[in-house]
J.: 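Below is one structure. I have some questions about it.
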Amino acid sequence: MMKNDNRKTLCQVCFSVFEQLAFMFGDELEEDEIEIEADRFLRASMGFTGPQQGTVAIVVPLTITSLMACNILGLEEDQHIDEDTAVDALKELLNTITGRLITSLFGEDVVINLTIPVTEELNHTAWEALVESNEYLAITIEDNPVLITIQS
Amino acid sequence: MSFNILIVDDSRTIRSVIRKTLLIAGVPTGELYEASNGLEGLQIMKDNWVDLCFADINMPVMNGIEMIEQMLADHMLEKLPVVIVSTEGSKTRIEELFRKGVRAYLRKPITPEIIRNVVKEVLGDYDEK
């Protein structure tokens, strides 16, 4: 289970990065408020090593990845975004969240190495398992539920 | 006058963002080259005239620090100004990069104003030329 301090920092960093990088706004979400019909989700994760070690991961409904990519790239919302571009945008978002999170949690004096982000697609059953695992923090981004975690 | 600029980042998204931000910032660009890792970046620098390089740290194949070390060992590339664009915020790492000759360090996300200022700082005020 995530530490309470980590949850608070994770929330602040996520909202700030979504807002600054993707111009998307977020809010906190209680576990019993998480409702979504989507059946395809994208999980991006990356590790960090050094004096502190662990993993940061984010899970989003596939439906919001296009909007996310359009906003980051400064494109019109109705512009076609291929799947590779959407995946790359999510990886970059996670990369930015992780970089800021590491500094917020562990300070600016330690040197921590980041691994390259990887992604995998999840179905609704896998999404529900993550929600119930209590290891992920649930937030809402533009009314879409998003899960995020740091395990260290 | 215009500047040939190389962007080295494994994220296609960030390469596009930097490219677009340079244009919005009004930086007079000539050729805009892109590489997805340090090794590709070095090859482009050897094959083309590059005025300024924006580089990430964390990349596969060859990371940004390794690329800068290779540049320092090559008398044709040792003076080429490098600006790091990264998510990392470790003071220790940033100081190490400056010791290796990096001219500026930008933390993502970047804005046109930040890019404009750093290009002017590194290459001179192009508005006055």
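Chain letters run A, B, ... following the sequence lines, proteins first and then strands; every chain starts at 1. On a predicted model such as this, the values are computed, not experimentally measured, just so you know.
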J.: For residues L23(B) and F3(B): do they belong to one hydrophobic cluster (side chain heavy atoms under 4.5 Å, members Ile, Leu, Val, Met, Phe, Trp, Tyr)?
T.: no
J.: Mark yes or no for whether T92(B), through its side chain, and D109(A), through its backbone, hold a donor-acceptor pair below 3.5 Å.
T.: yes
J.: Please name the pair of heavy atoms, one in T13(B) and one in I72(A), separated by the smallest distance, quoted to 0.1 Å.
T.: CG2-CG2, 3.5 Å
J.: Does anything in residues 108-120 of chain B reach chain A? List residues with heavy atoms under 4.5 Å apart, or say none.
T.: K108(B), P109(B)
J.: Please assess L75(A) against K20(B) for the test side-chain contact (heavy atoms from CB on, under 4.5 Å), listing each intermediate value before the final yes or no.
T.: CA-CA 11 Å; L75(A) 306 174; K20(B) 187 166 266 187; 3.9 Å; yes
J.: Do you know which two heavy atoms are closest between R93(B) and V111(A), and how far apart they sit?
T.: NH2-CG1, 3.2 Å
J.: Under 4.5 Å, heavy atom to heavy atom, which residues of residues 59-86 of chain B contact chain A?
T.: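 Contacts with chain A: M59(B), P60(B).
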J.: Quick check for you: among T98(A), N95(A), N113(A), D84(A), which has the greatest number of heavy-atom pairs under 4.5 Å with chain B?
T.: N95(A)
J.: Quick check on the interface: out of D10(B), I14(B), D9(B), I57(B), who has the most heavy-atom pairs with chain A under 4.5 Å?
T.: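 Between D10(B), I14(B), D9(B), I57(B), the count favours I14(B).
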J.: Look at atom CG of D143(A) and say whether more than 12 heavy atoms of other residues, nucleotides or ligands are closer to it than 6.0 Å.
T.: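 12 or below, so no.
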J.: Could you state whether I5(B) and M1(B) fall into the same hydrophobic cluster, counting links through intermediate Ile, Leu, Val, Met, Phe, Trp or Tyr residues with side-chain heavy atoms under 4.5 angstrom apart?
T.: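 Yes, because I5(B) and M1(B) connect within a single hydrophobic cluster, where side-chain heavy atoms sit under 4.5 Å apart.
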J.: Using heavy-atom distances under 4.5 Å, tell me whether I97(A) contacts chain B through its side chain, its backbone, both, or neither.
T.: neither
J.: Do R107(B) and T103(A) come close enough that some side-chain heavy atom pair is under 4.5 Å?
T.: yes
J.: Counting neighbours of CD on E28(A) that are heavy atoms of other residues, nucleotides or ligands and sit closer than 6.0 Å, is the number greater than 12?
T.: no
